[in-house]
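Below is one structure, written out as structure tokens; comments come after it.
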Amino acid sequence: MAPAPKPEILAAFEAAKGFMPMHEGLALYAAAVEAGRLGLPLLEVGTYCGRSTILLADAAREAGVTALTVDHHRGSEEQQPGWEYHDPETVDPEIGLMDTLPTFRRTLHRAGLEEHVVALVGRSPQVAKVWGGPLGLVFIDGGHTDEHANADYEGWAPHVADGGLLVIHDVFPDPKDEFTGQAPYRIYLRALESGAFTEVSVTESLRVLKRTGTGV
Ligand code: SAH
Ligand code: MG
């Protein structure tokens, strides 16, 4: 049976603000537990308020590794004021821009997982450029434009260790099912076409790929 988080972790996950549905979250957790066996850090692109981070952090704690999570905390295009996925609670009233970092910090604190996570606050391609080491898992859940999704793929996929996992969220092969664009689907295809990754599971819009080759 796939490993599942403890009830208190699931409760913290359900209480957290964010966009990761339970069913896909459980698949992400199972992938993170498997990848944790490599003894390498697990990295997420797209922290938002820390909902999915809870699952990576709990798997990291179990494995004795660190979860890393990257976000500039200013929100994606579709999360800005006036757009469909906007949440007014995420706006910093002093400067009038989104800032999801304080909510993220509360989420992790409440879940008791602060010490298992390193938050990298910045633009994903810029962080990727200064990141040197191999990763057990890369979870891409950041910006949904082609520019952002491609940069996430190009910046982070090369760091996935042999046998490590590349997980992509919001993969919608059918344009009628997508809400924020098909860029995640296109990087998923890129990963498969590269020959470096093989698909291991599909859970709704969550795809888990394993590095089985080189070339990326
Ligand atoms: N994983 C979250 C949802 C992430 S939403 C959950 O489980 O709820 C996408 C996030 O990606 C937003 O917080 C946005 O700020 C971030 N993001 C978008 N483009 C980015 C970029 N280029 N660099 C860093 N973060 C980015
Ligand atoms: Mg998502």
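When a residue number appears, it is its place in the shown sequence, counting from 1. Whatever order the structure lists ligands and atoms in, that order sets their numbers, starting from 1.
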May I ask you to identify the nearest protein heavy atom to [atom], giving residue, atom name and distance to one decimal place in Å?
{"atom": "atom 2 (C) of ligand 1", "result": "Gly46 O, 3.4 Å"}
{"atom": "atom 8 (O) of ligand 1", "result": "Phe19 N, 2.8 Å"}
{"atom": "atom 19 (N) of ligand 1", "result": "Gly143 N, 3.4 Å"}
{"atom": "atom 5 (S) of ligand 1", "result": "Gln79 NE2, 3.3 Å"}
{"atom": "atom 22 (N) of ligand 1", "result": "His148 CD2, 3.4 Å"}
{"atom": "atom 23 (N) of ligand 1", "result": "Ser124 N, 2.9 Å"}
{"atom": "atom 7 (O) of ligand 1", "result": "Ser52 OG, 2.8 Å"}

On the six-membered ring of Phe13, is Arg51 placed so that its NZ or CZ lies under 6.0 angstrom from the centre and within 45° of the ring axis?
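Yes, Arg51 and Phe13 form such a contact.
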
Do you see a donor-acceptor pair shorter than 3.5 Å between the side chains of [X] and [Y]?
{"X": "Thr212", "Y": "Thr198", "result": "yes"}
{"X": "Ser205", "Y": "Glu24", "result": "yes"}
{"X": "Asp58", "Y": "Tyr29", "result": "yes"}
{"X": "Glu77", "Y": "Thr145", "result": "no"}
{"X": "Arg186", "Y": "Asn150", "result": "no"}

Test of ring centre spacing under 6.0 Å for Trp83 and His86:
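No; His86 has its ring centre 6.0 Å or more from that of Trp83.
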
Can you tell me which portion of His72 lies within the under-4.0 Å heavy-atom range of ligand 1? Options are side chain, backbone, both, or neither.
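For His72, the contact with ligand 1 is made by both the backbone and the side chain.
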
With a heavy-atom distance limit of 4.0 Å, tell me whether Met98 approaches ligand 1 through its side chain, its backbone, both, or neither.
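Neither; nothing of Met98 gets under 4.0 Å from ligand 1.
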
Pair Arg37 + Glu62, salt bridge at N-O below 4.0 Å:
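Looking at Glu62 together with Arg37, the answer is no, because their closest N to O distance does not fall below 4.0 Å.
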
Residues Arg106, Glu114: salt bridge by 4.0 Å N-O rule
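Answer for the salt bridge query: no.
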
Give the numbers and elements of all ligand 1 atoms closer than 4.0 Å to a heavy atom of [X].
{"X": "Gly75", "result": "14 (C), 15 (O)"}
{"X": "Arg51", "result": "7 (O), 8 (O)"}
{"X": "Met20", "result": "7 (O), 8 (O)"}
{"X": "Gly18", "result": "8 (O)"}

Can you tell me, to 10 degrees, how wide the angle at the Mg ion (ligand 2) is between OD2 on Asp170 and ND1 on His169?
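It is 90°, given to the nearest 10°.
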
Pick from Glu89, Arg105, His73: which one makes a side chain to side chain donor-acceptor pair (under 3.5 Å) with Thr100?
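Per the side chain to side chain donor-acceptor pair (under 3.5 Å) rule, the option paired with Thr100 is His73, out of Glu89, Arg105, His73.
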
Identity of the N, O or S atom of Asp141 lying closest to the Mg ion (ligand 2):
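Nearest N/O/S atom: OD1.
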
Out of Asp71, Thr69, Asp141, whose heavy atom is nearest to atom 15 (O) of ligand 1?
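Minimum heavy-atom distance to atom 15 (O) of ligand 1 goes to Asp71.
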
Option set Gly50, Gly122, Gly142, criterion heavy-atom distance to atom 11 (O) of ligand 1, minimum
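Looking at heavy atoms only, the winner is Gly142.
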
Against Leu108, only a single residue in Thr47, Thr69, Leu113 fulfils side-chain contact (heavy atoms from CB on, under 4.5 Å); can you say which?
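One option only clears the test, and that one is Leu113.
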
